[in-house]
Number of protein chains: 2
Amino acid sequence: MLQQVPRRRTDTRERLLGLAEQAILAKGFASTSIDELIAGVGITKSGFFYHFRDKNELARALLERHIARDRELLDDIFRRADELNDDPLHGFLVGLKLFAEMMDALPQAHPGCLAATLCYQDQLFDRTVHALNAESVLAWRRRFRARLEAIAASYPPRQPVDLDALADMLSTLVEGGLVMGRALKDPTILPRQILLFRDFLRLTFAP
Amino acid sequence: MLQQVPRRRTDTRERLLGLAEQAILAKGFASTSIDELIAGVGITKSGFFYHFRDKNELARALLERHIARDRELLDDIFRRADELNDDPLHGFLVGLKLFAEMMDALPQAHPGCLAATLCYQDQLFDRTVHALNAESVLAWRRRFRARLEAIAASYPPRQPVDLDALADMLSTLVEGGLVMGRALKDPTILPRQILLFRDFLRLTFAP
DNA sequence: GACGTAACTGTACCACAGGTACAGTAACCT
DNA sequence: AGGTTACTGTACCTGTGGTACAGTTACGTC
């Protein structure tokens with residue numbers, strides 16, 4: 001029998017983040033205790049505070065990871081949609097369909113959950129976390145607004161339309177869809193709302 | 001000088017609820033302490049637990065009050081809109097405009113805030129609170145679906161449309177709009193989203 | 001092989017939040 | 001006069017986030 005020498009790990013921080021993410025998405029930030037996390041990855045409290053100065057910093061690290069991952073996912077989806085299609089409107093419509101399918105498959109994986117969780121527990125977090133959160137929302141707005149401008153250039157809208165508000169509508173539906181999905185325990189609400197947004201776009205721009 | 005005899009109050013419970021509502025909308029549920037509330041209304045901890053068996057029951061009472069108030073407000077708005085207008089589509093469009101104006105004036109007064117707060121701190125609450133929350137969302141769905149059915153009967157939609165999803169869209173935009181408004185500290189987002197929903201309805205149903 | 005650094009452990013301690021458990025009391029209603 | 005309502009006061013317990021700091025062990029580097 002080889003005695004397993006307690007090997008030194010270099011991935012403890014990542015394992016903490018992973019476990020924290022799972023726990024927070026399932027139970028919320030306030031209900032996820034540090035004790036629970038350190039028991040899960042097998043370290044002591046001192047170990048936790050070696051990696052994160054406080055719970056706030058854990059939230060920030062988590063949010064950063066989530067935002068980065070999310071950006072890659074969206075980049076990927078809309079790149080694929082654009083490859084299939086040269087037209088800006090049709091590319092966006094295809095991308096939205098892929099997005100809805102993704103949200104159908106893994107609705108809890110979305111950073112919106114985290115963002116909203118953070119929003120509704122305001123006082124628990126500091127300015128840097130709020131700023132990070134706001135910046136990620138604005139990044140969505142810019143991304144979608146650029147696409148909407150390209151679309152509006154080719155397809156004059158049927159009604160005058162505020163492109164910023166229209167870009168925000170998708171984020172709004174995602175955030176709201178996550179809340180609704182939780183409240184009704186029905187994960188199909190979010191993807192259906194995305195498809196409705198798609199219908200709205202088609203009605204607005206399609207000739 | 002008349003010595004003020006410490007008069008017995010019968011409205012302590014209401015005052016607790018009022019203060020708690022304010023504090024929770026501003027800071028979130030978890031960050032609002034019982035100590036803070038009892039200091040605010042001038043009673044002791046025992047006094048608090050005389051009125052509410054625990055914090056959970058405070059949440060329930062608050063949610064009930066909010067839901068009732070909300071129903072009255074919506075009833076009022078759409079009654080007024082209907083009085084001005086016999087047509088189901090135009091009545092709804094007018095109602096939505098009034099609703100957007102109301103959300104512009106007092107966005108933080110909406111129970112959606114509370115509902116979402118509760119959603120995202122799941123484990124803190126028991127089944128009765130969740131059920132209450134879900135029921136209030138379903139009440140919205142029924143209310144708007146009934147109107148949409150009346151509209152669809154007079155104005156056949158331009159595209160086939162899922163009336164439940166369309167009814168949910170308004171709730172979704174409200175919930176999401178509150179989150180977005182908080183994240184960006186921009187209270188105009190919610191009313192603008194409601195007006196976009198209005199545009200969507202018009203495009204879908206108007207001849 | 002010595003030396004520093006990264007990644008922890010261990011111990012001790014603190015404040016605050018959410019309770020629990022009762023016994024007592026003052027005002028009000030009948 | 002007696003019961004109910006609306007509390008007060010005291011004491012105590014748990015869990016959670018956090019601080020302080022000294023000690024330890026593996027690893028890479030010179």
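Convention: sequence-line order gives letters A, B, ...; per-chain numbering from 1. Everything numeric here is computed off the predicted structure, so don't read it as measured data.
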CG/B:D11: more than 12 non-hydrogen atoms of other groups inside 6.0 Å
yes
Tell me whether A:R79 is salt-bridged to A:E72, with the criterion being a basic N under 4.0 Å from an acidic carboxylate O.
no
For nucleotides 11-13 of chain C, tabulate all protein N/O to nucleotide N/O atom pairs closer than 3.5 Å, reporting atom names and distance.
none

Pairwise side-chain contact, B:K55 with B:F29, heavy-atom cut-off 4.5 Å (strictly under):
yes
With sequence neighbours left out, the residues meeting salt bridge (charged side-chain N to carboxylate O under 4.0 Å, His left out) with B:E64 are none
Please determine if a side-chain N or O atom of B:T12 lies less than 4.0 Å away from the OP1 or OP2 oxygen of D:dC7.
yes
Do B:F99 and B:V174 touch side chain to side chain, with heavy atoms closer than 4.5 Å?
yes
Rounded to whole Å, the CG-C1' distance (B:L16 to D:dA6) equals 12 Å
Taking the side chain as everything from C-beta on, heavy atoms only, tell me whether A:I67 gets closer than 4.5 Å to A:E135.
no
Quick one, which residues of residues 47-55 of chain A touch DNA chain C with a heavy atom under 4.0 Å?
A:G47, A:Y50, A:H51
Report, one line per pair, each donor and acceptor closer than 3.5 Å where one atom sits in a side chain of residues 189-204 of chain A; sequence neighbours left out.
| unit_1 | atom_1 | unit_2 | atom_2 | d |
| --- | --- | --- | --- | --- |
| A:R192 | NH1 | B:D162 | OD2 | 3.0 |
| A:Q193 | NE2 | B:A165 | O | 3.0 |
| A:R198 | NE | A:L93 | O | 2.8 |
| A:D199 | OD1 | A:R202 | NH2 | 2.9 |
| A:T204 | OG1 | A:F200 | O | 2.8 |

For residues 33-40 of chain A, which residues have at least one heavy atom under 4.0 Å from DNA chain D?
A:S33, A:I34
Checking A:E36 now: which residues fulfil salt bridge (charged side-chain N to carboxylate O under 4.0 Å, His left out) with it, not counting sequence neighbours?
A:K27
Does any part of the side chain of B:N85, heavy atoms only, come nearer than 4.5 Å to the side chain of B:F92, both counted from C-beta?
no
So, do A:L73 and A:R69 sit near enough that their side-chain heavy atoms are less than 4.5 Å apart?
no
